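Remarks on the structure that follows.
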Amino acid sequence: MRLVGKDRKTGAMIKDFWDRKSRENAMYYISTYRPYDQQDPEEFWKWGRILTERYLTASGISFTGEEVVLDLGCGMGRMTRTLAERFHLVYGLDVSDEMIRLARESLKDCANVRFEVGNGTDLACFADETFDFVFSYITLQHVPGAALTQQYIREMGRVLTDGGYAYFQVDNARPSLRSLVRLRSRLRALVRALHLPAPAQLGERSMAGPGVAGPSELDHPAYRGSRLTQRQLRTACTDATLDVEDLQGLGSHELWVRARRRRRT
Ligand SMILES: C[S@@+](CC[C@H](N)C(=O)[O-])C[C@H]1O[C@@H](n2cnc3c(N)ncnc32)[C@H](O)[C@@H]1O
């Protein structure tokens with residue numbers, strides 16, 4: 001599939017953002033759980049395992065272990081590693097060259113893992129019917145615009161084999177909740193710009209102290225991402241010939257979707 005001009009520009013903007021952020025502090029921008037300046041690699045990888053196991057179980061899918069799997073938005077491979085232990089062959093795809101460089105370095109001991117740098121807008125680097133399972137966590141929530149998220153979902157349908165599963169997370173939070181999160185990001189930036197002490201009452205866990213480097217650009221379109229409504233989700237799944245089997249977390253930032261590729265005729 002050839003990128004049209006608008007997609008190419010958006011893809012380049014996303015790539016530029018995530019390349020910069022992964023060079024700045026990859027672990028923080030993957031998981032903002034710990035404060036910006038207190039990253040702990042051991043904990044980072046431990047949580048990659050815990051979360052992967054948690055979501056594979058929650059998916060309710062009966063796997064054989066023989067599946068060929070795509071980890072869409074793999075980052076440093078935090079979850080790809082655990083997927084590689086469970087499945088025959090795992091591909092990690094990410095828009096950022098730098099994330100993929102870090103992932104290759106971190107998972108060089110994993111013989112059944114391949115990495116690809118994507119264009120940020122589709123899965124053009126993969127042929128039709130390549131995967132038995134597509135997994136994605138905290139990636140589609142960063143995609144700037146529901147139309148682009150829908151494009152990724154249509155692509156999942158294309159690259160899945162008949163009967164294959166997609167299990168992925170999207171942001172379905174109510175607009176008021178999203179606005180609150182954006183307001184908090186803006187306050188963070190303001191406090192940093194003014195070099196004020198971090199106000200504990202903001203619930204600020206990820207804030208470095210005054211004058212210390214901290215998170216930035218949290219309001220950038222490639223980070224802020226977008227919300228997908230249930231209707232937009234269902235439309236994309238229908239286009240992709242994906243049957244939605246289960247939705248968990250409607251109305252929240254973590255809407256998990258289990259969908260199955262219908263047989264091609
Ligand atoms: C928050 S991190 C999550 C990484 C991984 N899923 C994990 O939980 O460890 C989001 C990842 O998605 C990638 N990403 C963001 N937008 C993307 C896009 N449009 N296409 C592919 N990857 C994207 C980023 O480069 C980043 O590595």
Side-chain angles (χ1 to χ4, degrees), residues 11 14-59 63 65-120 123 125-126 130-143 152 159 166-169 205-206 208 213-218 222-223 225 254:
I14 299 171
K15 198 179 274 294
D16 172 69
F17 175 83
W18 282 99
D19 268 339
R20 280 188 291 109
K21 292 294 144 183
S22 49
R23 277 194 289 271
E24 180 191 315
N25 189 341
M27 286 188 198
Y28 174 77
Y29 289 101
I30 287 170
S31 168
T32 52
Y33 179 72
R34 285 185 71 84
Y36 181 86
D37 52 352
Q38 289 171 38
Q39 294 308 303
D40 177 344
E42 208 173 300
E43 193 167 313
F44 175 84
W45 290 99
K46 185 182 90 181
W47 274 98
R49 174 176 303 282
I50 291 171
L51 293 173
T52 311
E53 285 169 356
R54 178 183 298 170
Y55 296 129
L56 287 178
T57 303
S59 75
F63 297 108
E66 287 307 306
E67 289 85 356
V68 178
V69 176
L70 172 62
D71 183 6
L72 199 175
C74 62
M76 287 175 64
R78 174 176 80 130
M79 305 180 96
T80 324
R81 174 176 280 285
T82 305
L83 291 170
E85 290 166 8
R86 289 279 302 266
F87 297 104
H88 174 64
L89 179 61
V90 180
Y91 284 79
L93 173 109
D94 203 280
V95 67
S96 159
D97 293 77
E98 178 61 10
M99 283 291 188
I100 291 295
R101 190 189 68 74
L102 294 169
R104 285 204 171 106
E105 177 67 21
S106 305
L107 272 68
K108 54 177 181 252
D109 57 314
C110 300
N112 62 336
V113 174
R114 315 268 182 275
F115 288 107
E116 292 282 345
V117 178
N119 59 28
L123 303 174
C125 52
F126 299 116
T130 302
F131 301 104
D132 306 302
F133 179 45
V134 175
F135 177 83
S136 186
Y137 180 53
I138 49 175
T139 293
L140 295 174
Q141 66 181 35
H142 292 297
V143 169
Y152 264 122
V159 300
Y167 189 65
F168 58 95
Q169 173 263 335
R205 282 183 311 167
S206 308
S216 58
E217 298 185 273
L218 302 182
Y223 191 80
E254 286 208 10

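Everything numeric here is computed off the predicted structure, so don't read it as measured data.
Residues W18 and H142 meet the side-chain proximity criterion, which asks for heavy atoms closer than 4.5 Å. You'll find the side chain of L93 reaches within 4.5 Å of the side chain of C125, heavy atoms only. K15 has its side chain within reach of V117: a pair of non-hydrogen atoms, C-beta onward, lies under 4.5 Å apart.
Within the structure, every pair that satisfies the side chain to side chain donor-acceptor pair (under 3.5 Å) test and touches residues 66-77, not counting sequence neighbours, is listed here: T64-E67, D71-T80. Residue pairs meeting the ring-ring contact (aromatic ring centres under 6.0 Å, His included) criterion with at least one member in residues 95-117, sequence neighbours excluded, do not occur.
Legend: residues meeting side chain to side chain donor-acceptor pair (under 3.5 Å) with R49, ordered by chain and number and at least two apart, are E85. In this structure L51 satisfies the side chain to side chain contact (heavy atoms under 4.5 Å, CB included) test together with W47, R54, Y55, R78, M79, Y137, sequence neighbours excluded. Contacts of Y29 classified as side chain to side chain donor-acceptor pair (under 3.5 Å), with partners at least two apart in sequence or in another chain: K21, E24. Contacts of N112 classified as side chain to side chain donor-acceptor pair (under 3.5 Å), with partners at least two apart in sequence or in another chain: none. Legend: residues meeting ring pair (Phe, Tyr, Trp, His ring centres under 6.0 Å) with Y91, ordered by chain and number and at least two apart, are F126, F131. Remark: D40 engages R34, E42, E43 in a side chain to side chain contact (heavy atoms under 4.5 Å, CB included) (not counting sequence neighbours). Residues satisfying the side chain to side chain contact (heavy atoms under 4.5 Å, CB included) test with S136, not counting sequence neighbours, are L72, T139, L140, F168.
Between F87 and F63, the ring-plane angle classifies as perpendicular under the 30° and 60° cut-offs.
The CG atom of L56 sits 5.0 Å away from the CZ atom of R86 when rounded to the nearest 0.5 Å. Atom-to-atom distance recorded for I30:CD1 and C74:SG is 8.5 Å, nearest 0.5 angstrom. In this structure, Y223 OH and Q141 CD are separated by 8.0 Å, a value rounded to the nearest 0.5 Å. For the atom pair CZ of F135 and OG1 of T82, the computed distance is 9.5 Å after rounding to the nearest 0.5 Å.
Between the side chain of N25 and the main chain of P215, no donor-acceptor pair closer than 3.5 Å is present.
Checking each of L123, D132, T130, V90 against L70 for a side chain to side chain contact (heavy atoms under 4.5 Å, CB included) leaves exactly one that passes, namely L123. Screening K46, M27, M76 for a side chain to side chain contact (heavy atoms under 4.5 Å, CB included) involving P41 leaves a single residue, M27.
Residues G120 and Y152 come closest through the heavy atom pair C-OH, 3.0 Å. Nearest heavy-atom pair across G77 and W45 is O-CZ3, 3.4 Å.
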Please list every donor-acceptor pair under 3.5 Å in which a side-chain atom of residues 95-103 meets a protein atom from a residue at least two apart or in another chain.
from, atom 1, to, atom 2, distance (Å)
S96, OG, D19, OD1, 2.7
S96, OG, S22, OG, 3.4
S96, OG, E98, N, 3.2
S96, OG, M99, N, 2.9
E98, OE1, R101, NE, 3.0
E98, OE2, R101, NH2, 2.9

